[in-house]
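Some notes on the structure that comes next.
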Amino acid sequence: MGLEPRIGRYFRRHLDRVLDVAEAPAGIKLPVPDSDAPCLLYLHVPFCFSLCPFCSFHRVEFEPSATESYFISLRREIELVTDAGFRFDELYIGGGTPTVLPDELVHTIEYVRKRHPLGDVSVETNPDHLRGDELSKLHDAGVTRLSVGVQSMDNALLREMHRFNEYGSAEDIRDRLREAEGVFETLNVDMIFNFPHQSEASLRRDLEILSDDLHVDQVSYYPLMTVDSTRNTMLETVGRVDYAREKDFYSLIANHFLAAGYSRSSAWCFSSKEGLSDEYITSRDDYLGLGSGSFSYLEGQLLLSTFSIEHYRRLVADGRSGIVRSRVMQERDQLRYYLLTKLFAGALDTAAAESKFGGQFMRAMRVDLAVLRALRAIEISGQTIYLTERGQYFWIVLMREFFAGVNGLRDQMRKKGGDSEMYLSSGTRFTTRITRTARSDRSTHPGVSELE
């Protein structure tokens, strides 16, 4: 076994401990950011017209009335956290497929914009939604980045993924991407590499289409990931993953885009111009996730929302957030999370890290950094820690394991979320209690959101 898989397995065992939220208390205090320092808002829309066999995100089959009702609950939850003192300056909407009901999606974006000084707005979609009227609606609503889940331009692989009939052939997808070209500041294409039946020739064709034919703004190339909930379905459809090919495929992807004039926005995201990165966790320390199946990270606290959509509706109707589980991460885990996410973007500013962690970052992480230097994964120059070219693939492995760990946690939540009554006593209710601090004159924004 090579070095990278060993490191990945070690990291995964560590993650299994960090992501254990089963024993978190039901009643928590949600830290509310200072209104002068807004955070990112993530909204999860779990509905899809078709459920891909490799996807382990929280998603359910689309049904119009249920989806419309869900958007109403989502806007109510936005109102609850706004009243509790949260302020947002960036919005990311993922899924699922957020564009299944375009009018409801636009209404929700406008709802947030009226209450918060939003700058960038990123929305995920599928190729069959790249139609002129829908693109215009999203553009007029202020969407700055549209991320399209393509996965492959190989028709045989699209058939294996059950995407050919639902979202169109590779030729259809190319035409639709051309229609979306120039509509948004950033058009991102999500792709996957290391499919069991993906050949090097197939991958090279995809790369040439994206950079030479379509000249897309940004490409996010994810390694294929498996978790328990999708393992059997994947075996029956796309086949068994061979991780021995992953490194060579990644090198092919990275070398191609760098030679074509793209730069890395993250270890697996390549951009032809300045724009939003596909992974907001690299640029934002804190983010609040709303909607069924969403995750939040606020001041070292991991928060999870219920995976039962019916339970989510009932909690919000009762004036509660959908958040039902939490874990305060230990300081060492917070430091490692910071290192992981910042280096995922290629570089870490040690001065910013020292400021965030009270001047203790470099001292507390000296062993981790020494190991990474010995592995030739990083270089340190002045106040910056850089990923080396070797380190870029290390980070692909680490982030693959990170997201696999998160997806494993989704599996746990999904199993428990099947019984909506199970969580009813764990729901969180917002009240507005003023905390007396040096800023107590700002009585319109409570310092603490009490969750009971």
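Position 1 is the first residue of the sequence; numbering continues from there. Note that these values count all heavy atoms, side chains included, but never hydrogens, waters or copies made by symmetry.
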Notebook entry, point to check: If we only count heavy atoms from C-beta on, is the Phe249 to Gln198 side-chain gap below 4.5 Å?
Noted result: yes
Notebook entry, point to check: Under the 3.5 angstrom rule, does the side chain of Lys273 hit a backbone N or O of Gln218 as a donor-acceptor pair?
Noted result: no
Note to self: Side chains of Leu203 and Leu252, heavy atoms from C-beta outward: is any pair under 4.5 Å?
What the structure shows: yes
Check: What do you reckon, are the aromatic ring centroids of Tyr92 and Tyr280 less than 6.0 Å apart?
Finding: yes
Checklist line | Partner of Tyr221 under side chain to side chain contact (heavy atoms under 4.5 Å, CB included), chosen from Ile396, Val189, Ile253 | finding: Ile253
Notebook entry, point to check: If you look at every heavy atom in Tyr250 and Ala267, which pair is closest and at what distance?
Noted result: OH-O, 2.6 Å
Checklist line | Pair Tyr262 + Phe257: ring centers closer than 6.0 Å | finding: yes
Notebook entry, point to check: Under the salt bridge (Lys or Arg N to Asp or Glu O under 4.0 Å) test, which residues partner Arg178, sequence neighbours left out?
Noted result: Asp175, Asp213
Notebook entry, point to check: Relative to Tyr111, does Arg115 satisfy both conditions: NZ or CZ under 6.0 angstrom from the six-membered ring centre, and within 45 degrees of the ring's axis?
Noted result: yes
Notebook entry, point to check: Is the distance between the ring centroids of Tyr312 and Phe307 under 6.0 Å?
Noted result: no
Checklist line | Listed partners of Glu389 passing salt bridge (Lys or Arg N to Asp or Glu O under 4.0 Å), at least two apart | finding: Arg264
Next item on the list: Can you sort out the partners of His116 under ring pair (Phe, Tyr, Trp, His ring centres under 6.0 Å), two or more places apart, ordered by chain and number?
Entry: Phe88
Item checked: Side-chain touch Arg284/Asp89, heavy atoms, less than 4.5 angstrom -> yes
Check: Is Val112 close to Leu41 at the side-chain level, that is, under 4.5 Å between some pair of heavy atoms?
Finding: yes
Notebook entry, point to check: Do Asp285 and Lys342 sit within salt-bridge range, that is, some charged N less than 4.0 Å from a carboxylate O?
Noted result: yes
Margin query: With a 6.0 Å cut-off on the ring centroids, do Phe344 and Phe402 count as close?
Written below: no
Note to self: Please check if the number of heavy atoms outside Glu379 that lie under 6.0 Å from its CD is greater than 12.
What the structure shows: no
Notebook entry, point to check: Quick one: does Thr282's side chain get under 4.5 Å of Leu343's, heavy atoms only?
Noted result: no
Check: Can Glu208 and Arg205 be counted as an ion pair, charged N to O under 4.0 angstrom?
Finding: no
